[in-house]
Amino acid sequence: MTEKKKENIDNLLSRFYRADELEQIKIDLTEADRLFEKYPAPQVSQEVIDEIKSKISRRQRRIAYSSVLVKTAAVAAIVIIGAVLLIQNIEQRSVSRTQNGYEAALAKVDNNIASLEKEIALLRDELIAIRLNEDNGTNGRLAEAINNVDAEIIETESLFWKG
Amino acid sequence: MAGPETVKDIVLLARRGDKQAFSQLVDMYSSRLYGYFYRLTGNRDEANELLGELFLKMVEKIGSCRPETFKAWLFKMASNLFTDYLRTKKRSQKMLSHIEEQVRTEAQMPEKDNFLADKLARQLRKLEPETAEIIVMRYYSQLSFEELAQVRKEPIGTVLSKVHRGLKKLRQLMENSDD
């Protein structure tokens, strides 16, 4: 931006006024400066300037103090938020770990149950087949085999309920 | 170490909180700004008060100023302060009547330097406040018409026309005054 003392007033005025108006406008502008020079405003007293400077120093100290307070508060807020987030994260991980362990144990138990159930079903099938044969022809060895299978079923079932 | 050379350097130092830089800015601009406020208020005490208030605002807001346009920024703030001052004055009818009373007293005692002490101040008071303000700002700020237009957020032609019309009227008032 151009300062007053450097501005090209002729160039500026010619953009807005007719050529025959230019001289009068320039005279009016110069006259205004002359008027202000003829009636100068009083000077500001040194006392007032010193008072302003001392007020500025006090204000600067206040601004610096506020700035330190704001920065401290901001850092404290960041630390608190960080700590809260960290604690939440740790708690979530811990819950997640507990849940994972519980689910794994349940899956293991389910597997055991399923395998025991399969074994019981097989034994039952075997027993049915033996009983069918028993109807067809009874002998001592067959009865013994049936007893063995029955005992096995009872043992398996008791194992199942023991877990 | 060499001291800062330009206003821009001083403003940059002030922005970093340099006490000496603020002191330099006060020394550089207090006279012109005091003239600006004095011409518009016609009162030494009020001009002192506005000047103090302006420099404190400068300390608070210097971070938002572009060092290259510091002078225009400072006078824009001065103009805003003067507008607030006028608004506060207008709000108080009691205050206005008090001023009228003072004007009458001052007219009877032109030598007293408190309110509308000289012929120019009295004639400036007869202009529209906005016109008086732009004329006074042009003289005391030494801003170009381009800078004035930016400060006032008005087209340069409008500012030029307002200044010219105002000056013509002021000149007539000065010539017709029998002081």
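In what follows, every chain begins at residue 1, and chains take the letters A, B, ... in the order their sequences are listed.
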### Val44(A), part contacting chain B, at a heavy-atom distance under 4.5 Å
both

### Task
Could you list the residues that satisfy salt bridge (charged side-chain N to carboxylate O under 4.0 Å, His left out) with Glu175(B), not counting sequence neighbours?
Arg171(B)

### Query
By a 4.5 Å heavy-atom criterion (distance strictly below it), what part of Glu51(A) contacts chain B: side chain, backbone, both, or neither?
neither

### Residue part contacting chain B, namely of Phe36(A), when any heavy atom lies under 4.5 Å
both

### Task
Select, from Ala47(B), Ser31(B), Gly166(B), the one with the greatest count of heavy-atom pairs under 4.5 Å involving chain A.
Ser31(B)

## Note on the structure
When the 4.5 angstrom heavy-atom criterion is applied to Lys55(A) and chain B, the contacting part is both

### Part of Lys19(B) within contact of chain A (heavy atom distance under 4.5 Å)
both

### Task
Look at Asp20(A) together with Arg18(A) and state whether they make a salt bridge at an N to O cut-off of under 4.0 Å.
yes

### Query
When rounded to the nearest 0.5 angstrom, what is the spacing between CD in Gln20(B) and CG in Asp27(B)?
8.5 Å

### Query
Is it the side chain or the backbone of Leu148(B) that comes within 4.5 Å of chain A heavy atoms, both, or neither?
neither

### chain B-proximal positions within residues 23-32 of chain A [heavy-atom distance under 4.5 Å]
Gln24(A), Ile25(A), Ile27(A), Asp28(A), Leu29(A), Glu31(A), Ala32(A)

### Query
Which answer fits Arg15(A), side chain, backbone, both or neither, if we ask what part of it has an atom under 4.5 Å from a heavy atom of chain B?
side chain

### Under 3.5 Å side-chain donor-acceptor pair for Lys169(B) and Gln172(B)
no

#### Entry: Nearest-0.5 Å distance that lies between atom CG in Leu173(B) and atom NZ in Lys119(B)
10.0 Å

### Query
Applying side chain to side chain donor-acceptor pair (under 3.5 Å), which residue pairs with at least one partner in residues 75-91 of chain A are found, sequence neighbours left out?
none

### Query
Would you call Arg87(B)-Asp84(B) a salt bridge at under 4.0 Å N-O?
yes

### Query
Would Phe82(B) and Tyr85(B) count as a close aromatic pair, with their ring centres under 6.0 Å?
yes

### Query
Which word best sums up how the rings of Trp73(B) and Phe70(B) line up, parallel for under 30°, tilted for 30 to 60°, or perpendicular for over 60°?
tilted

### Task
Cation-pi check, Arg39(B) to Tyr140(B): give yes when NZ or CZ is under 6.0 Å from the six-membered ring centre and within 45° of the ring axis, no otherwise.
no

### Message
Does anything in residues 151-160 of chain B reach chain A? List residues with heavy atoms under 4.5 Å apart, or say none.
### Response
Ile156(B), Gly157(B), Leu160(B)

### Query
OH/Tyr139(B) to CG/Leu120(B) distance, rounded to the nearest 0.5 angstrom?
10.0 Å

